[in-house]
2 protein chains.
Amino acid sequence: MNESALTPERILAAAEDVLRRFGPGKATVVDVAQALGVSHGSVYRHFASKAALRDAVLRVWLERTMAPLQIIANGKAAPPTRLRQWLGALREAKRDKALGDPELFATYGALAADAREVINEHVEHLRGQISSIIAAGVASGDFRKVDARATALTIFDATTRFHYPGLAHLWGNPGEDAAFKQLIDLLIRGLAADGKPAAR
Amino acid sequence: MNESALTPERILAAAEDVLRRFGPGKATVVDVAQALGVSHGSVYRHFASKAALRDAVLRVWLERTMAPLQIIANGKAAPPTRLRQWLGALREAKRDKALGDPELFATYGALAADAREVINEHVEHLRGQISSIIAAGVASGDFRKVDARATALTIFDATTRFHYPGLAHLWGNPGEDAAFKQLIDLLIRGLAADGKPAAR
DNA sequence: ATAATGACAATATTTGATATTTGTCATTCC
DNA sequence: GGAATGACAAATATCAAATATTGTCATTAT
């Protein structure tokens with residue numbers, strides 16, 4: 001086993017690179033193997049199918065780009081503020097990718113279209129983070145006594161306009177920042193405990 | 001000028017029919033002309049291009065399917081109730097089309113994809129209706145003193161999850177009704193004047 | 001023994017020659 | 001005269017043959 005042993009990690013890195021250079025339509029597993037200097041049969045020793053490789057690449061990418069969210073969710077800001085920060089960060093992460101490198105964003109969008117399973121896991125993960133912030137808000141008395149998990153879904157649904165990749169074409173519009181702020185204000189107000197006007 | 005004179009209306013009806021039978025990919029203007037028993041050149045006397053014909057068909061369809069909304073918007077139910085009814089009707093109209101006849105829904109979705117202009121007009125129209133309900137709610141004291149037009153957009157954005165056709169694949173899920181109700185409740189609560197808990 | 005290879009069958013994609021469709025307009029019809 | 005036609009050029013779409021890709025596995029290399 002030398003330092004250039006063929007590992008899933010090395011294959012993933014190569015696949016990501018090939019995908020970035022060739023796009024989702026053109027990237028083949030032969031290309032990935034070639035980039036690693038091995039035969040494509042060897043790749044199949046580590047990933048059962050092209051779909052499995054695709055899923056793994058998508059998972060890694062999602063984990064990497066959503067990392068800042070976990071930090072905010074675990075933070076100690078007051079829950080209403082934390083919820084604002086978290087939703088703002090989710091929006092920014094997506095928007096920066098979409099506007100900063102539209103091709104790559106489209107590439108991962110194409111991957112996601114065929115990986116419903118991975119996406120469901122991902123959404124479930126995000127929902128858990130929102131849920132923990134809401135639970136904290138209920139405990140602190142900032143929010144009404146709502147069901148945290150159900151409300152997390154409601155918040156996620158309500159902000160779809162600003163995080164669903166299929167709507168990325170709207171994210172460059174002029175009024176976008178104001179529209180987002182207005183929505184968050186309305187949601188936080190709807191969540192606020194009586195007599196505790198929304199923080200901020 | 002006899003009773004079977006070639007009019008834009010007759011062409012529109014034929015186009016709609018051809019579109020329904022052949023789908024958006026296969027329907028040609030020769031097909032439309034044939035259905036009318038005229039040459040395709042004659043169609044071009046009434047519509048400048050295939051795109052113009054397509055836009056007209058889409059406009060007629062949107063007008064027809066959204067007709068119930070105007071009635072609700074003009075109704076005299078208390079504004080919070082009216083807003084609930086209106087948003088519920090918007091959701092239902094879309095969902096019924098999407099689940100009831102998926103092919104036709106996909107057909108009009110395809111038309112819409114190439115008719116950004118028509119869609120913008122349409123959204124503007126809906127926004128106006130929401131706006132008038134909100135203005136009524138502010139006047140009646142049920143809602144806080146919000147900017148009706150800006151808030152109308154916020155409400156439209158917040159409900160994207162339930163009316164954007166690109167998300168139709170989610171509309172058959174089990175928890176869907178509950179999720180929608182939860183969202184509307186949260187929005188109405190966020191809109192309610194202090195001391196006036198959300199009407200039911 | 002374990003890892004890697006490459007030949008292979010079954011699909012899927014690309015290509016490019018052929019056919020259709022769009023949009024125009026000079027001519028015909030009533 | 002105004003409405004309709006159909007022949008036409010240019011732009012698009014279609015389809016079948018040629019090529020490439022996926023996934024397997026018996027064989028080879030270490």
Side-chain angles (χ1 to χ4, degrees), chain A residues 1-58 103 106-107 109-111 113-118, chain B residues 1-58 103 106-107 109-111 113-118:
Chain A
M1 217 184 272
N2 62 29
E3 68 180 346
S4 62
L6 193 56
T7 63
E9 287 70 31
R10 285 188 61 223
I11 296 176
L12 277 178
E16 212 171 333
D17 193 49
V18 165
L19 215 46
R20 146 165 252 134
R21 281 163 38 208
F22 294 12
K26 295 285 171 112
T28 73
V29 353
V30 171
D31 292 332
V32 173
Q34 211 157 56
L36 289 161
V38 301
S39 74
H40 76 278
S42 299
V43 171
Y44 281 96
R45 173 166 295 280
H46 297 276
F47 292 93
S49 65
K50 189 186 189 184
L53 178 55
R54 187 238 296 121
D55 287 1
V57 169
L58 180 57
E103 286 208 16
T107 292
L111 296 200
D114 302 321
R116 187 67 52 90
E117 190 46 53
V118 175
Chain B
M1 217 183 273
N2 63 29
E3 69 181 344
S4 61
L6 193 59
T7 63
E9 287 71 30
R10 287 189 61 224
I11 296 175
L12 276 179
E16 213 173 330
D17 194 50
V18 165
L19 214 47
R20 146 165 250 134
R21 281 162 38 210
F22 294 11
K26 294 285 169 107
T28 72
V29 353
V30 171
D31 292 331
V32 174
Q34 212 157 52
L36 289 162
V38 301
S39 74
H40 78 278
S42 298
V43 172
Y44 281 97
R45 175 166 294 282
H46 298 276
F47 292 93
S49 66
K50 188 184 189 184
L53 178 55
R54 190 242 290 126
D55 286 3
V57 169
L58 181 57
E103 286 208 17
T107 291
L111 296 201
D114 302 320
R116 187 65 53 91
E117 190 44 53
V118 175

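Just so it is clear, the model here is predicted, and its values are computed rather than measured. In what follows, chains carry the letters A, B, and so on, assigned in the order in which the sequence lines appear, proteins first and then strands, with residues in each chain numbered from 1.
Taking atom CD on Gln34(B) and atom P on dG6(D), their separation rounds to 12 Å, with Å as the unit. Counting to the nearest Å, the C1' atom of dT22(C) and the CZ atom of Phe47(B) are 16 Å from each other. Remark: P of dA1(C) and CZ of Arg45(A) are 14 Å apart, rounded to the nearest angstrom. Rounded to a whole Å, the CD1 atom of Ile11(B) is 12 Å from the C1' atom of dA3(D). Between Leu6(A) atom CG and dT30(D) atom P there is a gap of 16 Å when expressed in whole angstrom units.
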Every protein N/O within reach of nucleotides 14-25 of chain D N/O, cut-off under 3.5 Å:
from    : atom 1 : to       : atom 2 : distance (Å)
dT22(D) : OP1    : Val29(A) : N      : 3.4
dT22(D) : OP1    : Lys50(A) : NZ     : 2.9
dT22(D) : OP2    : Val29(A) : N      : 3.0
dG23(D) : OP2    : Tyr44(A) : OH     : 2.9
dG23(D) : OP2    : Lys50(A) : N      : 2.7
dG23(D) : N7     : His40(A) : NE2    : 3.2
dG23(D) : O6     : His40(A) : NE2    : 3.0

Report each atom pair, protein N/O against N/O of nucleotides 28-30 of chain C, whose distance is under 3.5 angstrom.
none

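Of the residues Val30(B), Thr28(B), Asp31(B), Val32(B), the one that meets the side-chain contact (heavy atoms from CB on, under 4.5 Å) test with His40(B) is Val30(B).
Taken to the nearest 0.5 Å, the CG atom of Asp114(B) stands 5.0 Å off from the CZ atom of Arg54(B). Separation of atoms CG (Leu19(A)) and CG (Leu12(A)) is listed at 11.0 Å; rounding is to 0.5 Å.
Listed candidates were dT5(C), dA4(C), dT5(D). Nearest to the side chain of Val38(A) is dT5(C).
The two residues Val57(A) and Glu16(A) have their closest heavy-atom pair at CG1-CG, 4.3 Å. Minimum interatomic distance between Pro8(A) and His46(A) (heavy atoms only, all atoms of both residues): CD-ND1, 3.8 Å.
Using a 4.5 Å cut-off on side-chain heavy atoms (C-beta onward), Tyr44(A) and Val29(A) make contact. Proximity of Val118(A) to Leu111(A): side-chain heavy atoms (C-beta onward) are nowhere separated by under 4.5 Å. No side-chain heavy atom of Asp55(A) sits under 4.5 Å from any side-chain heavy atom of Glu117(A).
Applying the 4.0 Å criterion to OP1 and OP2 of dG6(D), one finds that Ser39(B) has every side-chain N and O outside that range.
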